[in-house]
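Below is one structure, written out as structure tokens, with a few remarks after it.
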Amino acid sequence: MREMTADPYLGKYITCVSARSTDKEILKKAQDGGIATALMVYALEEGIIDGTIVAGEGDRPWEPRPIVAMSREDILKARGTKYSISPQIAWLKEATRSFGLDKVGVTGVCCQMQAVRKAQLYPINMRDVPGKVALTVGLFCMENFPYKSLQTIVEDHAAQSLGSVKKMEITKGKFWVHTERGNVSTVPLKATHKYEQPGCHVCLDYVSSLADISTGSVGSPDGWSTVFIRTKKGNEVWSKAVAAGMFETKPIEDVKPGLELLTKLAKEKIDKNRKTLEERRNFGVNKALRDPYA
Ligand SMILES: Cc1cc2nc3c(=O)[nH]c(=O)nc-3n(C[C@H](O)[C@H](O)[C@H](O)COP(=O)(O)OP(=O)(O)OC[C@H]3O[C@@H](n4cnc5c(N)ncnc54)[C@H](O)[C@@H]3O)c2cc1C
Ligand code: SF4
């Protein structure tokens, strides 16, 4: 096995590649290379997991709702990024109870990967969970938005109705809104900052460093994903899936913009949020706000 790389901004990983799923149906509605969906479908079909928590469809358009998916069909329903909070971990214990799962998959953003690892090491009212987490796939995440914020950004700033939106994307300094009828509206990211979830401002992880496998769009061309294979479990699943023809891959060194841009953005996030944490220490007169990392 390759030596482990330990990067101060990108975390520990065994390999990093640019990849996309070879499943055309998955790609049709995937946000990027369909890695999150294809990995969980493969893991389900191979018996590596018997169900997985994904961000399914909620009651309102583009409002995610966590679900325990136990079929390919339900996993596919969670394709696409919903830029709003989906409390994935709320189902972690229940997956091992009424759903009766023995090998639980979890997808989610960086903070949700942290929650899973913490529950595995410090299970507080989380009986059975530590031994039943079978595969975690983490997404890169710069920030997230409460649903009301997303509504304001899309309906007021981008002047689109949420019900007509086909895809949303944050890239190249803008929030992009693509409608079903082919219209594209953009909002400068500067205008969206005040809508961010405040809790994201103390987050020190950009690339889901604690996942078995993590994936995101930055670093790879459109339609492709940047993928970090991090743990022994992640490496086993990834190697088997590639050997079975599930993914097209390219060494990340051969891809533009590659790890250079990813490292730059990860550094920007971590440095900025470290500063926020520092400021919390001197928030009141002779009084600090709590530091969860202390
Ligand atoms: C809030 C947020 C911020 C992001 N910021 C960045 C970023 O700054 N840079 C970057 O490169 N990538 C970012 N991503 C990741 C990127 O948008 C894609 O989700 C990722 O590349 C996976 O694409 P895919 O084609 O493999 O996923 P698909 O195959 O389309 O599957 C989508 C997956 O995303 C999960 N998901 C969707 N919405 C949510 C949600 N709200 N919370 C938790 N899980 C969700 C689903 O469960 C599913 O597993 C962000 C994602 C989210 C949710
Ligand atoms: S920025 Fe951090 S805390 Fe906020 S949603 Fe993303 S991973 Fe979670």
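Whatever order the structure lists ligands and atoms in, that order sets their numbers, starting from 1. Counting begins at 1 with the first residue of the sequence.
In terms of N/O distances under 3.5 Å, ligand 1 is not approached by Gln112. In terms of N/O distances under 3.5 Å, ligand 1 is approached by Tyr206. For ligand 1, one of its N or O atoms has an N or O atom of Thr107 under 3.5 Å away. Checked against a 3.5 angstrom limit, the closest N/O atoms of Ala55 and ligand 1 fall inside it. Among the atoms of Ala36, some N or O lies under 3.5 angstrom from an N or O of ligand 1. Of the polar atoms of Ser84, at least one N or O is found under 3.5 Å from an N or O of ligand 1, judged by distance alone. In terms of polar-atom proximity, Val54 is not counted as a contact of ligand 1, lacking any N or O under 3.5 Å from an N or O of the ligand. On a distance-only criterion, Gly80 and ligand 1 share at least one N/O pair closer than 3.5 Å. Considering backbone and side-chain N/O atoms, Gly34 comes within less than 3.5 Å of an N/O atom of ligand 1. Every N/O-N/O distance between Ser86 and ligand 1 stays at or above 3.5 Å.
Annotation: salt bridge (charged side-chain N to carboxylate O under 4.0 Å, His left out) contacts of Lys77 (sequence neighbours excluded): Asp74.
Under the 6.0 Å distance and 45° angle rule, Lys250 counts as a cation-pi partner of Trp224.
Listed by atom number, the atoms of ligand 1 under 4.0 Å from Glu143 heavy atoms are 1 (C), 3 (C). Close contacts between ligand 2 and Met142 involve ligand atoms 1 (S) [criterion: under 4.0 Å to a heavy atom]. Atoms of ligand 2 lying under 4.0 Å from at least one heavy atom of Lys269, given by number and element, are 1 (S), 2 (Fe).
Around atom 8 (Fe) of ligand 2, the protein atoms of type N, O or S found under 2.8 Å away are Cys111 SG, listed by chain and number.
For residues 6-55, every residue pair satisfying the ring pair (Phe, Tyr, Trp, His ring centres under 6.0 Å) rule, not counting sequence neighbours, is listed here: Tyr13-Phe228.
Applying the 4.5 Å side-chain rule to ILVMFWY residues, one finds Trp62, Tyr83, Phe145, Tyr147, Leu150, Val154, Leu162, Val165, Met168, Ile170, Phe175, Val177, Val187, Leu189, Tyr195 in the same cluster as Ile153.
Contact annotation for Asp32 and ligand 1: heavy atoms of both the backbone and the side chain come within less than 4.0 Å of the ligand.
Note on ligand 1: Phe145 sits outside its first shell, no heavy atom being nearer than 4.0 Å. Heavy atoms of Ile170 stay at 4.0 angstrom or farther from ligand 1.
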